Amino acid sequence: MTKLLEPTKADKEIEECLLAAQSFSVVAGAGSGKTTSLVTALNFLRDEFGSDLRKNGQKIVCITYTKRATAVIEERLGFDELYLVSTIHSFLWSSISRFTKDIRIALRDNLIPTHIAKAREKDNGGNSQSAQRARARVAELTAELELLDQVTTFKYDESQFSSFSKGQIGHDDVIDLAAYLISENLILQRGLGFQFPYIFVDEAQDTFDSVIAAFNTICSGEGLPMVAYFGDPMQQIYDNGAGVFDGPAGFRSIEKEENFRSATSIVALTNKLRTDIQQTPAGESALNVGSVLLTLIETEAPAGHRGRYTPEQLDQSLSKFDEALQYIGWQNNEKAKRLFLVRQMIARRLGFSLLQNLFTGVYASNKAQAEYIDGSHFLVKPFIKSLCPLIVSKQSGNNKQIVDLLREETPAFDILGINKDRPLKEMLERANSLVNDLSEMWAERPIGDILRYAKENRLCAISDRLAATLDREPRVEAYDNAIHAEEKSDWLADEFLSMSTNELLPYYGFVSDHTALSTQHGSKGEEYEDVLVVFDDIEASWNMYSFNKLLTPAAAGDGTEGQLARSRKLAYVCFSRARMNLRIFLFCQDAVAARAELVESELLDSEQVQILPSR
Ligand SMILES: Nc1ncnc2c1ncn2[C@@H]1O[C@H](COP(=O)(O)OP(=O)(O)OP(=O)(O)O)[C@@H](O)[C@H]1O
């Protein structure tokens, strides 16, 4: 059912800007309907100027922060080719990738020398590890610089790191490279400005400064092209973000003061976390008080290494979490989204800690880690795409789904594939017997055996890299980072293949977004009826944040400016995801003192703060 949208003053102002081809920035808090206004504006442009734009072969570009947001907006626009909805990385790369010569010059004259200068700053000439690493990095980059002329094409395949001499541009470098090329190259500016006369940027607070500057340069003249930013400085939760996102000279700043998402008690809390914008509940949500409740969970002072819990203390803290869930009556609230600072906290609760440790440990490169997080790493991909869904279907007795999965993902069952002439009945029987065997092996055999079975019986697509890994002997040498750093993925694979399958289903559930657990950063842009935000600084063990110091500084001590700003913004993002009911768990060491401080600070009323009774 489509929601009835209330007309807002901001939408009127946006229309005026679009008709006058004037750039603008919409600056507004959480739940104010920025994304909604963005989609409304894109539809308005289609109605007003769509046919002319189509005739000229021009498109409206809309930059989103995540691929998920891209999909949502594309759908809301009816997959119309008038729009190019894209993440910033793909948009920038598609804009510059043809300019091989210019890319080479930019790398030679700007990007690589900048990297070299940065590495030199870390070299004090001494023998410390960081100085040695910095010198090695300078040498590596200098060698890359010399090989640059031999590169015939440059590519960006979403990998995090660049290998310039192989023509590979990494995630962060794409941004710097494109921003540099656009701001230096008038032809590129004009070309982009003609092709995309309207540039829309959602979540502008987390868009890189250099990109905002580049878009502003493209749109610096009178009339089209124009740029429209939508964002909230308070929701800047990634350090690369601009925070502020003014348009080019002459832009109009548009504000929205409504909050259409959250019930009034939640808006009252989020208003207290900021002073720049104060929201008024609006629309249907203004009719609900909803509820906010913070539960203080007292734990012992950490007795482990570097201020962490000992394993026993960690167990205690996990069981207190379960007790607190019972205490607030949410142990069976399946729809409540539970937000945690770090993935390891989720892994512990869902049961994939060993996998999490492996893919964030010494054998995992940053690339391996990133691919593990999105499920695309060559070792885990067959499980995410085929084997876990097959086991889940088998467990729930869904035979039709088994056949569908096999047809979609497996060469041997493809209706146009090698077995296309075999009778259907025979294929179904074969599918059944293979999945039965798979399911029996699953409980007993290590991951390596499962993959070999899947490979032999063509149960899923197996990449060449995985096939080679399955065929080689395990490495017998003890891992030595000084010698084996380049080949560490062998040790990663060997350990993975020897593990049991126990943790694969919970990991698959999390990666496929089938669980109610999410990272706090990952909740950005989303909304849920009920939200539980979990703050345990000790378990999270991420010093960049301290929610105890943010919320109860007298009890927990003063945080650094950075810690407090980051924690405040993330808390704001998390709290503002809730439509109706917000629950917060704050682990602390002196619950009575923390409660008194919280109430005195007037962030929450006394009936909104409770202490988990000790057993
Ligand atoms: N004009 C409106 N009338 C009624 N409901 C609205 C209106 N605008 C937005 N909403 C509703 O309010 C909620 C929040 O909207 P939206 O996600 O667009 O806000 P946002 O500002 O982008 O949020 P955030 O910055 O927190 O991610 C959605 O459920 C949306 O349907």
Side-chain angles (χ1 to χ4, degrees), residues 265-266 268-270 272-273 290-304 306-331 333 336-342 344-346 348-349 517 520 530-560 563-564 566-568 570-572 574-575 578 581-615:
S265 58
I266 297 166
L269 171 64
T270 50
K272 286 184 197 154
L273 284 175
S291 65
V292 174
L293 187 60
L294 184 146
T295 306
L296 288 156
I297 304 174
E298 193 169 284
T299 54
E300 292 168 8
R306 301 169 93 184
R308 297 187 187 185
Y309 289 134
T310 60
E312 297 73 40
Q313 288 181 319
L314 185 58
D315 284 347
Q316 278 169 19
S317 139
L318 290 176
S319 62
K320 288 211 167 180
F321 173 82
D322 291 335
E323 263 174 57
L325 266 184
Q326 299 249 4
Y327 187 63
I328 65 166
W330 275 23
Q331 70 278 22
N333 185 348
K337 200 75 181 178
R338 301 177 187 178
L339 306 180
F340 297 86
L341 182 62
V342 296
Q344 182 58 274
M345 293 172 82
I346 296 173
R348 277 190 196 117
R349 283 158 181 86
L517 285 73
Q520 295 173 352
D530 296 344
V531 172
L532 167 65
V533 184
V534 182
F535 293 140
D536 184 344
D537 291 337
I538 296 161
E539 190 191 346
S541 185
W542 190 1
N543 218 4
M544 305 274 273
Y545 295 84
S546 173
F547 296 95
N548 291 116
K549 289 177 177 168
L550 172 74
L551 300 171
T552 57
D558 291 331
T560 63
Q563 251 178 349
L564 296 180
R566 264 182 232 110
S567 308
R568 179 179 295 275
L570 195 57
Y572 180 83
C574 292
F575 296 168
N581 302 299
L582 172 65
R583 299 289 176 270
I584 304 157
F585 285 176
L586 180 62
F587 286 72
C588 63
Q589 268 129 58
D590 185 345
V592 172
R595 184 175 188 283
E597 193 178 351
L598 272 168
V599 174
E600 196 183 327
S601 73
E602 295 184 1
L603 187 68
L604 296 158
D605 300 336
S606 71
E607 68 277 15
Q608 291 178 318
V609 188
Q610 62 177 11
I611 297 176
L612 175 70
S614 48
R615 280 203 171 166

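A quick note: this is a predicted structure, and the numbers were derived from the prediction, not measured.
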Peer 1: Taking atom OH of Y309 and atom CG of D315, what is their separation to the nearest 0.5 Å?
Peer 2: 12.0 Å

Peer 1: Which pair of heavy atoms, one from I328 and one from Q610, lies closest together, and at what distance?
Peer 2: CG2-NE2, 3.5 Å

Peer 1: Which heavy atom in S546 sits nearest to a heavy atom in D537, and how many Å separate them?
Peer 2: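 Residues S546 and D537, closest heavy atoms: OG-OD2, 3.2 Å.
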
Peer 1: Check R308, Q344, R306 against S541 for a side chain to side chain donor-acceptor pair (under 3.5 Å) and give me the one that passes.
Peer 2: R308

Peer 1: Under a 4.5 Å cut-off applied to non-hydrogen side-chain atoms, are F321 and E539 in contact?
Peer 2: no

Peer 1: Just wondering, do I584 and F575 contact through their side chains at under 4.5 Å, heavy atoms?
Peer 2: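 Yes, close enough: below the 4.5 Å cut-off.
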
Peer 1: Side-chain contact, heavy-atom cut-off 4.5 Å: P613 with E323?
Peer 2: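 They are not in side-chain contact.
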
Peer 1: What closest approach, in Å, do L314 and R348 show between heavy atoms, and which atom pair accounts for it?
Peer 2: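 That would be CD2-NE, 3.4 Å.
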
Peer 1: Please determine whether the number of non-hydrogen atoms from other residues, nucleotides or ligands lying under 6.0 Å from atom CD of E607 exceeds 12.
Peer 2: yes

Peer 1: Hey, are the side chains of N581 and N333 touching, using non-hydrogen atoms and a 4.5 Å cut-off?
Peer 2: no

Peer 1: Please verify the inter-ring angle class for F535 with F547; under 30° counts as parallel, over 60° as perpendicular, anything in between as tilted.
Peer 2: parallel

Peer 1: Would you compute the distance between atom NZ of K337 and atom SG of C574 and round it to the nearest 0.5 angstrom?
Peer 2: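 K337 NZ to C574 SG: 12.5 Å, rounded to 0.5 Å.
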
Peer 1: Within the 3.5 Å criterion, strictly below it, is a donor on S291 or R583 matched to an acceptor on the partner's side chain?
Peer 2: yes

Peer 1: Compare every heavy atom of L296 with every heavy atom of A591, then report the nearest pair and how far apart it is.
Peer 2: O-CD1, 3.5 Å

Peer 1: Do the non-hydrogen side-chain atoms of D605 and V292 ever get within less than 4.5 Å of each other?
Peer 2: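 No, side chains not in contact.
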
Peer 1: Take Q313 and T299, measure what side-chain contact (heavy atoms from CB on, under 4.5 Å) needs, and give me the verdict at the end.
Peer 2: CA-CA 8 Å; Q313 288 181 319; T299 54; over 6 Å; no

Peer 1: Return the minimal non-hydrogen interatomic distance between L612 and A324, and the atom names on each side.
Peer 2: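 The pair with the smallest heavy-atom distance is CD1-CA, 3.8 Å.
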
Peer 1: List the atom of V609, the atom of R595, and the distance in Å for their closest heavy-atom pair.
Peer 2: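 Scanning both residues, the minimum pair turns out to be O-NE, 3.0 Å.
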
